[in-house]
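One structure is given here, and the rest of the page talks about it.
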Amino acid sequence: MMKSDRKTSCAAALCIREVEQVINQINEWIIHDDQAEWTTWKGVPVLQLAGGKPVLYGKKPFHPPFRMTGEIAIAGKEGYAGFVFGAKTAHHYEAVYIYPDSEASGWIQYDSCMNNSMTWQIYHGSLYQARIDLQPGDWNRLRIDVQPSYAEVKVGTSDDPQLTIYPYLQGASGYIGLWGYLKTYVKRFSVTPIPLKELERPFPRATKPEGAVADWEVAIAKAPVYPAGDCEWIKAEVENNGILNLNRLFQVEKKQFYIRTKVFSRKKEYRTISFGYSDYFQLWVNGREIHQGMWIWDPPKDGRIYHDYQKVKVEMNEGWNWIIGYLRVEEPHFGAGLILTVSG
């Protein structure tokens, strides 16, 4: 049994057999969202979500293949809500949610929570997101077919997946549940078994941009000073998309980091360093500061990490060249990291 912040009980236990159970009959929910409550909306019994933390069914973990089905309503013009699976704890889980961006359209987002931080600023694009028809203020059916190595996400009446998740960022086996940020509602949630099904066609995977630095060393920083001084450095590799994901390595409470690597040049020459980050970042090459800036969610800025957000032409020495960064987290639950490429 997972440790709970708060428990609530209803009439009957969730079963993954033949009979689907609607959400207001589910027993043994563990509520980590401090704004969640059983209520009615438009005359219908619902679970209200708002706090951006999971509501988990804690009685037992689930192992694929299984189907999660429910109806989601976004109360206002902004809101995010969906399902959780593969939860190891309330700080480590896979989430899939929907959100509007206009009166009749929106997005599916696959978002993996690592060390108590969502990571949507790190994982974005067509492998993690899909545009959909979505009606704020009305009910939208969400269905996720969870297989051992992939998941298919379907919104609305379509039986064709709008998003296929492959591979998982953490894994599909674990506790299941619900998730919402800002005022959202869920009803008629159920989990049912489905047949095992292999991925029917080769599926694209995330790739590193050309020239991406793959190997880094990372240390927890005390202050933004150069040089970094005595630190406990650990080796770190980037994700498949080339981004160094600090949330995979550290708890969300750790907010300042030094990051370093070495790049070899055959001669003294100018080369282009392209990079993106979240949130506040300073960058030095061979002791010379070449960048200082902030990139966060501040609409219309989305705060996502792009490999070509900044480009700087830098004179490299013959031989090894030190690249050192200082990164500070300003938004502790959206995803923090860095991607850097060297060309020329």
Side-chain angles (χ1 to χ4, degrees), residues 4 6-59 62 66-85 87 93-100 103-109 111 132-146 151-159 161-163 175-194:
S4 65
R6 181 158 56 95
K7 290 187 178 181
T8 186
S9 60
C10 300
L14 175 69
C15 66
I16 186 167
R17 290 191 286 249
E18 298 178 0
V19 181
E20 297 182 358
Q21 303 290 334
V22 297
I23 192 168
N24 64 338
Q25 294 176 320
I26 293 173
N27 186 34
E28 295 287 348
W29 286 96
I30 301 174
I31 299 181
H32 300 274
D33 181 345
D34 62 6
Q35 299 181 55
E37 62 176 328
W38 301 103
T39 184
T40 58
W41 186 67
K42 295 187 175 181
V44 178
V46 296
L47 177 63
Q48 176 183 294
L49 304 167
K53 298 294 181 182
V55 175
L56 298 174
Y57 177 71
K59 194 170 184 180
F62 286 81
F66 58 86
R67 172 174 294 162
M68 309 171 72
T69 306
E71 295 182 51
I72 306 289
I74 312 298
K77 293 183 178 180
E78 185 179 6
Y80 311 77
F83 304 156
V84 166
F85 61 94
Y93 53 86
E94 308 282 31
V96 177
Y97 51 82
I98 59 176
Y99 64 94
E103 292 184 357
S105 67
W107 292 88
I108 302 168
Q109 175 76 53
D111 194 350
I132 54 171
D133 294 329
L134 191 150
Q135 297 291 335
D138 205 352
W139 292 108
N140 301 269
R141 189 191 74 165
L142 173 61
R143 188 172 83 189
I144 307 175
D145 289 351
V146 180
E152 293 181 333
V153 185
K154 305 167 187 178
V155 177
T157 59
S158 174
D159 286 328
Q162 289 106 328
L163 179 67
Y175 295 90
I176 58 96
L178 308 166
W179 184 94
Y181 178 62
L182 303 181
K183 190 171 285 189
T184 53
Y185 302 103
V186 184
K187 70 174 183 177
R188 296 190 178 277
F189 176 78
S190 64
V191 183
T192 54
I194 57 175

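One is the number of the first residue; the rest follow in order along the sequence.
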| field | From CA spacing to verdict: side chain to side chain contact (heavy atoms under 4.5 Å, CB included), Y57, K59 | value | CA-CA 6 Å; Y57 177 71; K59 194 170 184 180; 3.2 Å; yes

| Please walk me through it: do K154 and D145 pass side chain to side chain contact (heavy atoms under 4.5 Å, CB included)? | CA-CA 8 Å; K154 305 167 187 178; D145 289 351; 3.5 Å; yes

| Intermediate values then yes/no, side chain to side chain contact (heavy atoms under 4.5 Å, CB included), F189 and I176 | CA-CA 11 Å; F189 176 78; I176 58 96; 3.9 Å; yes

| said: Could you walk me through whether V84 and L56 satisfy the side chain to side chain contact (heavy atoms under 4.5 Å, CB included) test, starting with their C-alpha distance in whole Å, then the side-chain angles of each, then the deciding distance to 0.1 Å, before giving a yes or no? | reply: CA-CA 8 Å; V84 166; L56 298 174; 3.8 Å; yes

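Residues Q135 and N140 are in side-chain contact: their nearest non-hydrogen atoms beyond the backbone lie under 4.5 Å apart. Within the 4.5 Å cutoff, the side chain of V153 has heavy atoms near those of the L142 side chain. Put simply, the side chain of P54 reaches to within 4.5 Å of the side chain of H32, judged on heavy atoms.
Atom OG1 in T184 sits 8.0 Å away from atom CG in D33 (nearest 0.5 Å). Separating the CG atom in L178 from the CD1 atom in I72 is a distance of 7.0 Å, to the nearest 0.5 Å. Note that the CZ atom of F66 and the CD1 atom of I194 stand 8.5 Å from one another [nearest 0.5 Å]. Note that CG of L49 and CG of L182 are 11.5 Å apart. Values are rounded to the nearest 0.5 Å. Taking CG from D159 and CZ from R143, the interatomic distance works out to 5.0 Å, rounded to the nearest 0.5 Å. The structure places NZ of K187 at 5.0 Å from CH2 of W139, a figure rounded to the nearest 0.5 Å.
K183 pairs by the side chain to side chain contact (heavy atoms under 4.5 Å, CB included) definition with Q48, A75, Y185, not counting sequence neighbours.
In Y99, the OH atom is crowded: over 12 heavy atoms of neighbouring residues, nucleotides or ligands sit closer than 6.0 Å. Within a 6.0 Å radius of CG in D138, other residues, nucleotides and ligands contribute more than 12 heavy atoms.
Without hydrogens or angle criteria, R188 side chain to G70 main chain gives no donor-acceptor distance under 3.5 Å. K53 places no side-chain N or O within 3.5 Å of a backbone atom of Q35 that could act as its donor or acceptor partner.
In plain terms, the two heavy atoms of A36 and V55 that are nearest each other are CB-CG2, 4.1 Å.
Classification of the Y97-W179 ring pair by plane angle, with boundaries at 30° and 60°, yields parallel.
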